[in-house]
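Everything below concerns the one structure shown next.
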Amino acid sequence: MKKQYTSYQETMAFLEQAQEKYPELIRVHSIGTTWEGRPIMMATLSANIETADSKPALLFTGTIHAREWIGNELAIKFIDNVLTNIDHNPSIQQALSRNTLYMVPCLNPDGFEYSRTHFSFWRKNRRDNGDGTFGVDLNRNFGVRFKRSADTTVNTYSGPAAFSEPETAAIRDFVLTHKNITIALDYHSQGNVFFPAHKFNHESEIEGTDLNVLCANMNREIHKVTGRQYGIHRGKPPTNLINGSGREYYYSLGIISAVVEVGTRNIPDYMANMSQSVDENVPAVLYALSEAKNYSDEAPARVDNFTIESVGVYEATLCWDYPESDDIYFELYRSETVKSPCREDNLIAIIGKHTFTDVQLKSGQKYFYNIRAVNKVTDTKSPFSPEIKLKTQLSEDEYFRGLFPSKRDIGYVGQYTLEKNRDHFGYNSLFVGVNKRRGICYGVIAFNMENLPEDARIKNASFSLYPMNRVNAKVENFGEWTVSILDPSEISDITDFNQIHQAKPIQTLGDEIRSDKLTQGIWSHWDLNVAERRIIRKSIKNGTLLLRVEGPRKLPLGADSQMMQFDIGYGKFGSGIHYRPNLEVIYTLPSKQVELTPSSINTVSKAEVKQNELQSGFDKNGDVVYGQMTFLTENLPDPKKTVITEAYLTMSNENALPTSQDIRFTIELAGLEDLDYQSVKNREKKEFIGYEVSNAQLKDKNSHNFIFDSYCREALEEMHAKHTPFHFVVRSTSSSAEKNMLVNWHDLHSNQVCKLVIKYIERRKEPLPAPANLSVTLENRQVKLSWSNPKHADLVGAFVVRNRFHSPRSPLDGVKLYAGSDEYTYDNFGNPNVEKYYSVFAYDDVPNYSAPVSVYYSSEEVIPVEEEKYEKQEEEDDDEPLID
């Protein structure tokens, strides 16, 4: 049977029938009356409806904009799902037994019915403005940042005053009298994106992680149904954000709040698209409802001072503060990407202590950690602490480079904008895809590869791009976005559309990203495989890596646009340095080699020490005879810049033992004080070298390599740093008593004497001293940071990080503000009225980062913050708002 959209009258009838059939689960009443006399219906759902108002609650509002019918449809489907499945679905039972759902399927009944019957694109309510126009945009009429507008004809006319409309006044009064509401979701279309609420201050908020994790966990429920992934995008406050929205009003009252934009059209084909959108959001709403209790007064307090204690190459230690309690434990989550869910599959620890060491990590990799407290008696969980971001140290043979395109090397070219394409570089966003106005559009990104050494051996590489808007990607499940490598020698002008269009890709990175998987507000990453890394290595010699970002090149019948917008980090439309497309490369260098011959060799037995001879085995009494070798370090380079990548001993034997008994020979790196028998026998055993060699192997061949493991290479480096000679001991072992069994190894004057082969790269191993004299001042209404860099030949620059909640302990632990050789910077994106912490790290060319020098900033005066006046980019469609 064909499914049609539900009218408002049909919605009221459905709610009344549901109440008649399930009076213990649902209560329906009106919270107000519209200009045209329609009731604004509220449905309350909870197990034991009489106690509903005493439980933590989720507020659901739908169809505040008349043409966005998804909210009403989703509400009906959700209520029907809950009522018909509660008897056999434990998740529904638990959610409703501990929480309450307040659901307004349609907050704009007059506009909704006008959209259905007269003009489908109608957005506002139906107020008579008295000048021949009708309607107020209800999502501009709330009392937070209300901005009165004079033009009553526009779709976003905000009304004569905040809460001037009966619809917004009704929901305000309801919320103010229901303090149990902890989460509010406002359902809109279009975009397939979550828009968490803002406080419009340029800064992270204590609830920021709560908002992102709530949306990410709802996203996981959506993905399980359709495989689709929504974006999570808070925008760039305060620029480009709306005034007078319900989302921000609820958030101002302490309610965790978000807008959910569903689908790719306001009123899509129901069976093909809307039914998918409804079905995927039903479990997401149920999850959000189950979380209401965790943001109530019943929940444990948020974990305090969640921070980094230390970071190594393969492990990181985190710590936090919390009052001691036998009823509390902690859930710790780890992800490798930002805005990830916190669910069972990335729960890495359930712990009662206030510290945790995460092990078996990868070198030079980013990790994101979240924590919440759990009361095991009440089974309630705390809000999340602000997310911890860190990057593990590089392995000793690794270097890292983060490459960013210059302004002139990033932009987009359009098929029908040939004369303007040059102006699209370094100023605008990347518009990629196709529409009728601009034709086919490609993003073009050129990386200067000259900072990478030509002989670099690339171990890992990834390309990252930040999608900032998908409003104009209007066709669900249509089109793919890819990144290709082009040959820069074949393109004389990267701003020339025809050259970019006709270029044949050398390679396409990874898998394509389908339209329903390309999400705004969440970084897109391409990890390069072996073949792609080889191309990157070749591009180092050429000096340039040229990428083309492309989407669909044609439109389906009836469509006018399938276009994605990516941030470039530059210009008035960019969000700053930390949103620039980037290429991250971890590489090593070819090893150099040195061969050391021993300064001395000795045979040490109970009877004597023979110099210049090397024997091992058993003497006539069955006592062990030791071989001993010493190598000096004077021919090795500076230990502060020497990383041993490989080491082995080459030993040649002159004879094998005339026995079939299993006799074996091992070599140890040892610490020796003297060369007498007791000193050698009681030596400090640092590490075995390689595997033992059996007598049978001595018979089979007369040359053997004893290879150092990683621990032993570290021991070598420690001894090298102390300029301590390398002492080795050859020892024999047997399962039976042996006598007169000696192996002769070539003596000191033989051309086959043992050799110590060391392969190494020259690389700094220790961080530089920290910067000094960090100070913070106000200059032209901006926070200015000044410091003194350490005076050191290996200094490359300073790295500056901001964190609202604690002193940054690693360069990734906050918002990057600056990296370079200067000794000052400005916090261009910060609010000077907000308290915060800053840290500055010195770094070398590896980079190794110094310990931080940190400062706490707090202003005693109120500094006016001027908001940028929103100006549309030339390429935006006039009828599509950035944020609903």
Side-chain angles (χ1 to χ4, degrees), residues 25 44-60 82 86 89-102 175 178-185 196 205-218 220-221 250-251 253-258 283-306 320-333 341-354 356 369-387:
L25 296 175
T44 301
L45 282 79
S46 194
N48 187 5
I49 198 69
E50 299 300 323
T51 62
D53 293 339
S54 64
K55 301 175 187 177
L58 165 70
L59 173 67
F60 175 113
V82 165
I86 190 170
N89 187 326
S91 296
I92 296 176
Q93 292 171 5
Q94 186 174 39
L96 287 183
S97 67
R98 306 189 67 180
N99 307 277
T100 291
L101 175 63
Y102 296 128
V175 171
H178 290 76
K179 304 296 186 182
N180 58 324
I181 297 173
T182 63
I183 299 175
L185 299 176
E205 292 133 22
I206 192 68
E207 306 90 357
T209 298
D210 295 318
L211 289 162
N212 283 335
V213 171
L214 175 68
C215 295
N217 286 347
M218 292 176 68
R220 184 174 179 271
E221 298 300 319
Y250 306 138
Y251 191 35
L253 300 176
I255 297 170
I256 298 297
S257 177
V285 175
L286 181 63
Y287 168 79
L289 173 62
S290 71
E291 279 288 301
K293 67 182 185 299
N294 295 328
Y295 294 97
S296 70
D297 293 339
E298 304 172 13
R302 195 189 309 269
V303 174
D304 191 30
N305 198 28
F306 182 43
W320 56 92
D321 296 332
Y322 207 84
E324 293 293 338
S325 172
D326 293 336
D327 295 337
I328 294 293
Y329 64 86
F330 306 97
E331 292 180 346
L332 196 64
Y333 300 84
C342 291
R343 304 299 291 270
E344 184 65 31
D345 53 356
N346 67 328
L347 176 63
I348 60 168
I350 296 176
I351 190 170
K353 298 186 298 183
H354 294 180
F356 175 75
Y369 291 90
N370 289 298
I371 193 171
R372 68 193 319 186
V374 183
N375 188 310
K376 61 187 177 183
V377 177
T378 63
D379 192 31
T380 52
K381 301 181 180 183
S382 75
F384 284 92
S385 294
E387 185 171 72

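Just so it is clear, the structure is predicted and the values come from calculations on it, not from any experiment.
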Do side-chain atoms of [X] reach the backbone of [Y] as a donor and acceptor pair under 3.5 angstrom?
X: Arg302; Y: Phe384; result: yes
X: Gln93; Y: Ile86; result: yes
X: Tyr322; Y: Ala301; result: yes
X: Asp304; Y: Asp321; result: no
X: Asn294; Y: Ala299; result: no

Partners passing salt bridge (charged side-chain N to carboxylate O under 4.0 Å, His left out) against Lys381 (at least two apart in sequence or in another chain): Glu331

Between atom [atom1] of [X] and atom [atom2] of [Y], what is the distance when rounded to the nearest 0.5 Å?
X: Leu214; Y: Cys342; atom1: CG; atom2: SG; result: 11.0 Å
X: Phe330; Y: Ile351; atom1: CZ; atom2: CD1; result: 9.0 Å
X: Asn370; Y: Glu387; atom1: CG; atom2: CD; result: 4.5 Å
X: Phe306; Y: Thr209; atom1: CZ; atom2: OG1; result: 9.5 Å
X: Ile183; Y: Leu58; atom1: CD1; atom2: CG; result: 6.0 Å
X: Phe60; Y: Leu101; atom1: CZ; atom2: CG; result: 8.0 Å

For Thr100, all residues meeting side chain to side chain donor-acceptor pair (under 3.5 Å), sequence neighbours excluded: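 Residues passing side chain to side chain donor-acceptor pair (under 3.5 Å) with Thr100: Ser46.
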
Parallel, tilted or perpendicular, as decided by the 30° and 60° cut-offs, for the rings of His354 and Trp320: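 Rings of Trp320 and His354: tilted, 30 to 60°.
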
Within residues 44-57 or reaching into it, pairs that qualify as salt bridge (charged side-chain N to carboxylate O under 4.0 Å, His left out) - sequence neighbours excluded: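 Sorted pair list: Arg27-Asp53.
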
Heavy-atom pair with the smallest gap, counting every atom of Cys215 and Pro196: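 That would be SG-CG, 4.0 Å.
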
Nearest heavy atoms of Tyr250 and Ala184, plus distance in Å: CD1-CB, 3.7 Å

Can you find a heavy atom in the side chain of [X] that is under 4.5 Å from one in the side chain of [Y]?
X: Glu207; Y: Tyr251; answer: yes
X: Arg98; Y: Thr380; answer: yes
X: Glu291; Y: Val213; answer: no
X: Pro386; Y: Ile206; answer: yes
X: Leu59; Y: Ile255; answer: no
X: Ile256; Y: Thr182; answer: no
X: Thr44; Y: His178; answer: no
X: Leu289; Y: Leu96; answer: yes

Centroid separation Phe356 to Tyr369 less than 6.0 Å: no

Residue Asp297 excluded, over 12 heavy atoms near CG under 6.0 Å: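 Not buried by this count: 12 neighbours or fewer within 6.0 Å.
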
Atom CG of Asp326: over 12 foreign heavy atoms under 6.0 Å: no

Pair Glu221 + Arg343, salt bridge at N-O below 4.0 Å: yes

